[in-house]
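What follows is a short report on a single structure.
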Amino acid sequence: MNIFKNLNDAQREAVEVTRGPLLILAGAGSGKTKTLTHRIANLVVNHGVQPGEILAVTFTNKAAGEMRERLGNLLGGASEHATPGSAQGRLAEVTPSRSSSFSANSRNFFPYMGTFHSICVRILKIEAENLEHVPKNFVIYDDDDRQALIKRAMKELSIDDKQLKPRAVSSMISKAKNDCVGPDEFAAAANHPIQKAVAQIYARYERARRDTGALDFDDLLLETVRMLKNHPEIRQHWQGRFKYILIDEYQDTNAVQYKMVKLLVNKDKNICVVGDDWQSIYSWRGADFTNILNFEKDFPGAKVIKLEQNYRSTQPILDAAHKVITKNKNRTNKKLWTAIEQGEQVQITRLNDETEEAAMVAARILQRVSAGVRKFSDFAILYRVNAQSYAFERAFMQAHVPYRLVGGVRFYDRREVKDIIAYLRLLYQPNDLVSFNRIVNMPVRGVGEASLLKFNTYWANSGASIVEALVAADEDSGLTARARQNLNNLGNLLYLLRDKVENGTATPGEVVEELVKEIGYKEHLNDDTPQAEDRLENLGALISEAAHYETLDEFLNDVALLTSADEDTGDKDKVTLMTLHVAKGLEFPVVFVVGLEEGLLPHARVNDYTGDDSELEEERRLLYVGMTRAKEELIMTHASSRFVYGKRQYVLPSRFLEDLQEGAGNFFAGSTPANTFEDFEIQPYEVGDRVKSMQFGVGSVVDVDGLAVRVNFDDGVSKLLNVQYARLEKL
DNA sequence: CGGTTGCACTTTTTT
DNA sequence: AGTGCAACCG
């Protein structure tokens, strides 16, 4: 097998340089994944490296799955000869086993591959017995779980959740954790009253979370870093184990992840990071692309390789994307090039509103598909916020355009699924307070606020776990006989199921089935509502999902770490709908980037009056990412008005469209030629002005709000008009 | 205790 | 517009 065949010079070099620190600056579409997989294959095949000695960190579980698949293809039958790693060396389950193209037997063959989070879970589960604050059977709290606990902490501290939003507190705590700042340090640095309040909540939250046997998303990383820092022998073990480290999307690593990398790299410094600062779009969750800019400083003597040939897009698409991104000041310099010189021109189209926008897109797709030029799966619609998908879903349904929605509500976030998962978590971790609160009266078992309060007191005094307290609750608990009976039953059920899980008499699938039957959950779901059928269907899907797992432990971990983008939506012939963030790393023959308007892209929350352009630049990178997903055709749209918060608002074209216009010449084609933007001059109107509209006749201005002007026309019609588009003339 | 009704808030992006 | 939460009544 020749691993180097099919690689260009830069890619080949990136594969060949196996020793020492290596930075691969990989532009969009430059064959990054290919290079990474070839690199791993080269290590294994030509350098005698055991797969288990390689750590490969990806940004999403899906990316890990893809890399695994490509590696499998590359190595072909080699897996049969591979020596299985230790028991710990099994492949991280990143997607339910059904979607993996490999049998469970081939797992040992593969490197540690996955997201930072999933890798941390694996390491922490292994090391839990050596760690004070990490129980072996920890559960993973997602954002909702964390917020529930924060709310509770705020209530206990009598902090009004209207004045200080639990969500805001949650994100402040998250930020602190991502900066490796604990509650004490946070309190010490707090001087503003809000910070002081948050410090109190933070401390209380942490205590509650620990008592409850849970780690939140950020803890997974933080506890791993703490462990590596504070336990030299553990650090040495893992440093010795991971002889080669690869990190993809390095521009999106945050402070904790950076620290972890530094702690995991051993004296040989065989670390290879791959990334592109132009595609850094996660600073809002703490990512810091200076990590990639500073790599050479962090690892002196690092080799730097640039992958600048783009294999994905045509020249016109690349030129347009380049025009946008080069408006950013804070960035590295590079020049992508493509051998595909010929191609369709980039189009910009203006529509009246989101309905027309979606209808136009649907019509265009249908036209191309029925002409036999394209298939549905060639198309992707990319937008800034999930809410934009509604209009497209409606239009596509109407036009019978098959589509798949990536992202949005996770399967595991559906209410019925979360209920059952909460039961499973509680029987797995009998102190999981958040799960207990969720299910204690679901389905209704006559335990309301008053009973719950009594039970909580009883439980707190007992010093036992929640499940133990449920079983033990007697007359002394002060509970009414009925409530006590019901709580006892709940506890007994959880005990029974836990036993079955622990001694292996029941698989996760069987446990879920028995649970559903025992609590009468199907009857509970089967109410009169029209959604009942969907819910029952989801419940069925959950049961069959659980059936793919051997242990509850594995199942719960996957449930917690899978994102909606990881969900297998099937490879049917469908148009893809997703956010720009989710689109990173993907490519499609035809891409529509929609909603290019001020307030949407750049998003309204972007601060652009402070003189700090960093947020605006991130929005621009987001557009760049979207544009560079296109292989052959790129169409960008914007609407004149849009429904926001249930109100129709007039919106301006995105300033990023002006970036594209410069030196455009005949660059653009489509229903809106580039010169649309030339007559942008806005005439000021005042209340009382007499105006004339080509469409509506003569009238008086009665209200002015920015560019939106309300005109009462003389024929009695009142219209809200955008002065940029309504062809108004001042009289 | 539990269901209903009305009101407030939402929307950035995700591991 | 849809959802989630608080207050109210049966």
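Note that the structure is predicted; figures quoted are calculated from it, not measured. In the text below, chain A, chain B and the rest are named by the order of the sequence lines, each starting its count at 1.
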> Can a cation-pi geometry be assigned to A:Lys418 and A:Tyr412, taking NZ or CZ under 6.0 Å from the six-membered ring centre and within 45° of the ring axis?
Replying inline: no
> Is A:Phe116 touching bases, backbone alone, or none of the nucleic acid, heavy atoms closer than 4.0 Å?
Replying inline: nothing
> Testing A:Asp142, A:Asp143, A:Asp144 for salt bridge (charged side-chain N to carboxylate O under 4.0 Å, His left out) with A:Arg146, which one passes?
Replying inline: A:Asp143
> Of the nucleotides B:dT11, B:dC1, B:dG2, which has the atom closest to the A:Asn441 side chain?
Replying inline: B:dG2
> Quick one: on DNA chain B, does A:Val644 or A:Leu452 contact a more 5' nucleotide (nearest heavy atom)?
Replying inline: A:Leu452
>> Please tell me whether A:Phe436 and A:Phe455 form a close aromatic pair, meaning their ring centres lie under 6.0 Å apart.
In response: yes
>> Does B:dT10 have its OP1 or OP2 closer than 4.0 Å to a side-chain nitrogen or oxygen of A:Lys165?
In response: yes
> What's the CG-C1' distance between A:Leu622 and B:dT14, to the nearest Å?
Replying inline: 13 Å
>> Here's a test of your reading of the structure: between A:Leu221 and A:Gly446, which maps to the more 5' nucleotide of DNA chain B?
In response: A:Gly446
> What distance, rounded to whole Å, do you find between the two P atoms, one in B:dT13 and one in C:dG4?
Replying inline: 16 Å
> Using a cut-off of less than 4.0 Å, is there contact between a side-chain N or O of A:Thr579 and OP1 or OP2 of B:dT14?
Replying inline: yes
> Who pairs with A:Tyr383 by ring pair (Phe, Tyr, Trp, His ring centres under 6.0 Å), at least two apart in sequence or on another chain?
Replying inline: none
> Roughly, in whole Å, what's the span from CG in A:Asp218 to P in B:dT15?
Replying inline: 13 Å
> Tell me: CE of A:Met442 to C1' of B:dC1, nearest whole Å?
Replying inline: 15 Å
> A:Asn386 near the nucleic acid: base, sugar-phosphate alone, or nothing, with a heavy-atom cut-off under 4.0 Å?
Replying inline: sugar-phosphate
> Between the side chains of A:Glu416 and A:Asn538, does any donor sit under 3.5 Å from an acceptor?
Replying inline: yes
> Nearest heavy-atom pair of A:Met227 and A:Ile123: which atoms, and what distance?
Replying inline: CE-CG2, 3.6 Å
> Which listed nucleotide (B:dG2, B:dT15, B:dT11) is nearest to the side chain of A:Val444?
Replying inline: B:dG2
Between protein and nucleic acid, restricted to nucleotides 3-10 of chain C and to nitrogen or oxygen atoms under 3.5 Å apart, what atom pairs and distances do you find?
none

>> With a 4.0 Å limit, can you tell me whether A:Ser451 has a side-chain N or O closer than that to the phosphate oxygens OP1/OP2 of B:dC1?
In response: yes
> Between B:dT13, B:dT15, B:dC1, which one does the side chain of A:Arg482 approach most closely?
Replying inline: B:dC1
> If we require ring centres under 5.5 Å and near-parallel planes under 30°, does A:Trp284 stack on B:dT13?
Replying inline: yes
> What's the NE2-C1' distance between A:His581 and B:dT14, to the nearest Å?
Replying inline: 8 Å
> In whole angstrom, what separates A:Asp216's CG from B:dT14's C1'?
Replying inline: 14 Å
>> Rounding to an integer number of Å, can you tell me how far A:Asn254 CG sits from B:dT15 C1'?
In response: 10 Å
> Hey, does the side chain of A:Glu617 reach the backbone of A:Asn330 with a donor-acceptor pair shorter than 3.5 angstrom?
Replying inline: yes
>> In whole Å, I'd like the distance from the CZ atom of A:Arg167 to the P atom of B:dC9.
In response: 13 Å
> Rounded to whole angstroms, how far apart are CG on A:Asn61 and P on B:dT14?
Replying inline: 14 Å
> Which pairs, with at least one residue in residues 445-457 of chain A and sequence neighbours excluded, count as a side-chain hydrogen bond (donor to acceptor under 3.5 Å, both in side chains)?
Replying inline: A:Tyr423-A:Arg445
>> The side chain of A:Ala450 is closest to which nucleotide in this list: B:dG2, B:dC1, B:dT14?
In response: B:dC1
